[in-house]
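Notes follow the structure.
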2 protein chains.
Amino acid sequence: MHTTTLHRPTHRETLWELEAAIERGDLITVFGRCTVDYDGRATSTLGPGNRLVILKPDGSTLVHTDEKRTPVNWQPPGCEHHASVRDGRLRVRGTRTTPDETLDIHFEQVHQFSALDVTGGRDLDLYGSEEDLREHILDDPSLVESGFTPLETERESTAGPMDIYGEDAEGVPMVVELKRRRVGPSAASQLQRYVEALHREFGDSVAVRGVLVAPSVTDRAADLLKENGLEFVALDPATGEPPEATEASEEVEPPEASEDADGDEPKEADSETDGSDG
Amino acid sequence: MHTTTLHRPTHRETLWELEAAIERGDLITVFGRCTVDYDGRATSTLGPGNRLVILKPDGSTLVHTDEKRTPVNWQPPGCEHHASVRDGRLRVRGTRTTPDETLDIHFEQVHQFSALDVTGGRDLDLYGSEEDLREHILDDPSLVESGFTPLETERESTAGPMDIYGEDAEGVPMVVELKRRRVGPSAASQLQRYVEALHREFGDSVAVRGVLVAPSVTDRAADLLKENGLEFVALDPATGEPPEATEASEEVEPPEASEDADGDEPKEADSETDGSDG
DNA sequence: GCTTGGATATCGAAC
DNA sequence: GTTCGATGTCCAAGC
């Protein structure tokens, strides 16, 4: 464990230590008054101010102000760091390819420089993701519906891979799309794409059900589901159970006859079970 | 401009300076060996290791390893920071509400503590966004198509606000969806939602055209557009012109003898003849 | 406060 | 390498 710290160093001192730290593979922080110019997928400039700059040994670059979780400027991993002193300023440049991008940081003054030996585990153990929700359902498919039988995960279609493909108690094909949090219109569209792909695959005469599984759904998404004859089941990704206070509110009276008189409608799409607690 | 730095401080020393720095509204960095526990929208644990922790005066919290642009753990702005010493460890806790979330960082040892007075501009001047693409088109609507007339931006519909609403030379309503980068299936679905909303609004007998404007499109998205009778125009958000080497590759104009014998001509705005069930 | 969609999104997995 | 969807996405604007 080593750390190197310079206080109000000259640019030459900073340059020297910077190059050594990059060589060592340290994580570097530079606090100072600087301007920032970015050119790549977009273009940006940032006027002078005191910021915290972080250079990681994997090439990541972060420029942080005193606000927000998101850096005001950055470079993802894979970029190359190079420092130089020009016109009385310290320039730190990060460049990468695919796409070609350049981030230039010009320091008027460096208040503090540190080189840190960052080691140790970086693998997070996380729980409550969409994958956890999927495992809950595969463990107990009746969470989706009594009689549901999962047949395949990541089943391919012309619209892309489906989260869970299976069939209901009657043998009707079902597409299940999982979301770990409250869903909006885009999730409803995504499910609709998969259902349409199966219709093209099987022919329109074959009934296909689409079920969205998530803790809750917005009103507009519920409308979209209903318009497309899709269904919704409320489940929490962490517990695999219906979210709190939903047990009594389920099966809110589905509307009587839908005007869609195809004859092959698989089941009532009671998508408005949620709609609550917006 | 002031900075406070401690090297290998005791937990008590760190605690003292930490509380003072939070009070002052400084940006704080703590480098040390720690574990991290998060509980909120999901749950996570991170085993011991040396990491760089950043506490911002707006409540943002970042835990960085030596890799990736994204922090391994974090808290967005608005959380409250509190530090304490327990069981020989320094605990830094960030809590927030809506949703309820807690981030706990337990330091076994602090290698370096810094409190920084981060000031100065934080407003980025950025160019090349979707908004810039929109301005290019509003300046010169023929970029989309000769005769195109924008009538409204952010026009509301039951499917949400459309980027640009207008009409073509024949007076046929057009929805234009803008993307600053290469688009995939979701953008095609989004455009389709808007077109469907206008069909419901105007009645299926009224033709409506949907046009996606982006630098390029993936194969699958192109298929989706075609299936739904939607169109694509290639434009670069920064220049407002067709992307490089696209001059010769005609966008809308298909090669003379297309094997597609559907009679599917986008210009005829044939969405209503298709009667898509979606 | 919730909803919606953009972002220099980043990231990872499948192809 | 590209494509695609998840993310504790974050974030701003609108309501």
Side-chain angles (χ1 to χ4, degrees), chain A residues 36 38-44 60-61 63 67-79 96-103 124 126-134 154 156 159-163 177-187 190 193-194 216-221 237-238 276-278, chain B residues 38-44 60 67-78 96-103 124 126-131 133-134 154 156 159-163 177-187 190 193-194 216-221 237-238:
Chain A
V36 186
Y38 157 74
D39 189 49
R41 290 163 291 177
T43 300
S44 76
S60 307
T61 312
V63 182
E67 287 187 344
K68 302 293 156 64
R69 201 213 69 149
T70 305
V72 64
N73 277 115
W74 70 88
Q75 199 74 281
C79 96
R96 68 175 190 133
T97 57
T98 331
D100 279 336
E101 296 200 294
T102 302
L103 184 69
L124 199 66
L126 187 137
Y127 185 69
S129 64
E130 180 181 303
E131 188 184 345
D132 293 310
L133 176 57
R134 185 180 65 194
E154 306 297 316
E156 273 302 333
M162 310 167 185
D163 286 336
E177 174 62 28
L178 309 175
K179 293 294 171 192
R180 69 169 305 282
R181 63 174 193 174
R182 184 172 174 85
V183 296
S186 64
Q190 188 183 352
R193 288 206 304 275
Y194 297 145
S216 62
V217 61
T218 66
D219 287 348
R220 193 170 276 174
S276 60
D277 68 355
Chain B
Y38 157 74
D39 189 49
R41 288 164 291 177
T43 300
S44 76
S60 307
E67 288 187 343
K68 303 292 156 62
R69 200 214 70 149
T70 305
V72 64
N73 276 117
W74 70 88
Q75 200 73 284
R96 67 171 189 137
T97 57
T98 331
D100 279 337
E101 297 200 295
T102 301
L103 184 69
L124 200 67
L126 187 136
Y127 185 68
S129 64
E130 180 182 302
E131 186 183 345
L133 176 56
R134 186 181 65 193
E154 306 297 315
E156 273 301 332
M162 311 167 186
D163 286 337
E177 173 63 28
L178 310 175
K179 293 294 170 191
R180 68 171 304 283
R181 64 175 190 171
R182 183 171 174 84
V183 296
S186 65
Q190 188 182 354
R193 287 208 302 276
Y194 297 144
S216 60
V217 62
T218 66
D219 288 348
R220 192 171 274 172

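Just so we're on the same page: letters track the sequence lines, and every chain starts at 1.
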**OP:** Ignoring hydrogens and angles, state whether a donor on the side chain of Arg69(B) or Ser60(A) is under 3.5 Å from an acceptor on the partner side chain.
**Re:** no
Original post:
In whole Å, what is the span from the CG atom of Leu133(B) to the P atom of dG6(C)?
Top reply: 12 Å
Original post:
Out of dT8(C), dC11(C), dG6(C), which nucleotide sits closest to the side chain of Asn73(A)?
Top reply: dT8(C)
**OP:** For Arg220(A) and dC2(C), give me the distance from atom CZ to atom C1', rounded to whole Å.
**Re:** 12 Å
Subject >> First encountered from the 5' end of DNA chain D, between Pro161(A) and Trp74(B) >> reply: Pro161(A)
**OP:** For Gln75(B), report the nucleic acid contact type (base, sugar-phosphate, nothing); a contact means any heavy atom under 4.0 Å.
**Re:** base
Original post:
Between dG6(C) atom P and Arg41(A) atom CZ, what is the distance in whole Å?
Top reply: 17 Å
**OP:** Considering only atom C1', compute the distance from dT7(D) to dC11(D) and round it to an integer number of Å.
**Re:** 14 Å
**OP:** Determine, step by step, whether Lys179(A) and Gln190(A) satisfy the side-chain contact (heavy atoms from CB on, under 4.5 Å) criterion, reporting the C-alpha distance in whole Å, the side-chain angles of both residues, the deciding distance to 0.1 Å, and the verdict.
**Re:** CA-CA 11 Å; Lys179(A) 293 294 171 192; Gln190(A) 188 183 352; 3.1 Å; yes
Original post:
How would you label the contact of Glu67(B) with the nucleic acid (heavy atoms, under 4.0 Å): base, sugar-phosphate, or nothing?
Top reply: nothing
Original post:
Under 4.0 angstrom, heavy atoms only, what part of the nucleic acid is Leu124(B) near: base, sugar-phosphate, or nothing?
Top reply: base
**OP:** Would you kindly compare Thr70(B) and Ala221(A) by the position of their nearest DNA chain C nucleotide and give the one closer to the 5′ end?
**Re:** Ala221(A)
Original post:
First contact, last contact: which nucleotides of DNA chain D are these for chain A, 5' to 3', heavy-atom distance under 4.0 Å?
Top reply: dT2(D) to dA12(D)
Original post:
Taking Tyr127(A) for the side chain and Ser44(B) for the main chain, is one N or O donor matched with an acceptor at less than 3.5 Å?
Top reply: no
Subject >> Check against salt bridge (charged side-chain N to carboxylate O under 4.0 Å, His left out), Arg134(A) and Glu154(A) >> reply: CA-CA 11 Å; Arg134(A) 185 180 65 194; Glu154(A) 306 297 316; 3.4 Å; yes
Original post:
Across the strands shown, which category fits Pro77(B) at heavy-atom distances under 4.0 angstrom: base, sugar-phosphate, nothing?
Top reply: sugar-phosphate
Original post:
With a non-hydrogen cut-off below 4.0 angstrom, is Leu126(B) in contact with a base, only sugar-phosphate, or nothing?
Top reply: base
Subject >> Spacing of Leu103(A) atom CG relative to dT8(C) atom C1', expressed in whole Å >> reply: 10 Å
**OP:** Begin from the C-alpha positions of Glu101(B) and Arg96(B) and carry the test salt bridge (charged side-chain N to carboxylate O under 4.0 Å, His left out) through to its verdict.
**Re:** CA-CA 5 Å; Glu101(B) 297 200 295; Arg96(B) 67 171 189 137; 2.7 Å; yes
**OP:** Would you mind classifying the nucleic acid contact of Thr43(B) as base, sugar-phosphate or nothing, using non-hydrogen atoms under 4.0 angstrom?
**Re:** nothing
Original post:
Reckon Ala159(A) touches a base, only the sugar-phosphate, or nothing at all at heavy-atom distances under 4.0 Å?
Top reply: sugar-phosphate
Original post:
Looking across every strand, which nucleic acid part, if any, lies under 4.0 Å from Glu156(B) by heavy atom: base, sugar-phosphate, or nothing?
Top reply: nothing
Original post:
What does Pro185(B) touch in the nucleic acid at a heavy-atom separation under 4.0 angstrom: a base, only the sugar-phosphate, or nothing?
Top reply: sugar-phosphate
Original post:
What is the nucleic acid contact for Glu154(B), judged by heavy atoms within less than 4.0 Å: base, sugar-phosphate only, or nothing?
Top reply: nothing
**OP:** Assign Pro76(B) to base, sugar-phosphate, or nothing according to its heavy-atom contacts below 4.0 angstrom with the strands shown.
**Re:** base
Original post:
Do you know the tightest heavy-atom contact between Arg180(B) and Ser129(B)?
Top reply: NE-CA, 4.0 Å
Subject >> salt_bridge(Arg181(B), Glu130(B)) N-O dist < 4.0 Å >> reply: no
**OP:** Ignoring backbone atoms, establish whether Arg182(A) has a side-chain N or O less than 4.0 Å from OP1 or OP2 of dT3(C).
**Re:** yes
**OP:** May I ask you to test the Val183(A)-Thr218(A) pair for a side-chain heavy-atom distance under 4.5 Å?
**Re:** no
**OP:** Of all the heavy-atom pairs spanning Gly128(A) and Pro237(A), show the shortest one and how long it is.
**Re:** O-CB, 3.7 Å
Original post:
In terms of side-chain heavy atoms, does Asp100(A) have a donor or acceptor partner in Thr97(A) at a distance below 3.5 Å?
Top reply: no
**OP:** Select base, sugar-phosphate, or nothing to describe what Arg181(A) touches, counting heavy atoms under 4.0 Å on all strands.
**Re:** base
Original post:
Base, sugar-phosphate, or nothing: which does Ser129(B) touch, judged by heavy atoms less than 4.0 Å apart?
Top reply: sugar-phosphate
Original post:
Nearest to the side chain of Arg193(B), which nucleotide is it out of dG6(C), dG5(C), dC11(C)?
Top reply: dG5(C)
Original post:
Between Lys68(B) and dG12(C), is there a side-chain N or O to OP1/OP2 distance below 4.0 Å?
Top reply: yes
Original post:
Whole-Å distance between dT10(C) C1' and Arg69(B) CZ?
Top reply: 6 Å
Subject >> Spacing of Glu131(A) atom CD relative to dA14(C) atom P, expressed in whole Å >> reply: 11 Å
Original post:
Across the strands shown, which category fits Thr98(B) at heavy-atom distances under 4.0 angstrom: base, sugar-phosphate, nothing?
Top reply: sugar-phosphate
**OP:** Check the distance between dG6(C)'s C1' and Tyr194(B)'s OH and give it to me in whole angstrom.
**Re:** 11 Å
Subject >> Interatomic distance at C1', dT8(C) relative to dG14(D), whole Å >> reply: 25 Å
Original post:
Any donor-acceptor pair under 3.5 Å between the side chain of Asp39(A) and the base of dT8(C)?
Top reply: no
**OP:** Tell me whether the OP1 or OP2 atom of dA7(C) has a side-chain N or O from Tyr38(A) closer than 4.0 Å.
**Re:** no
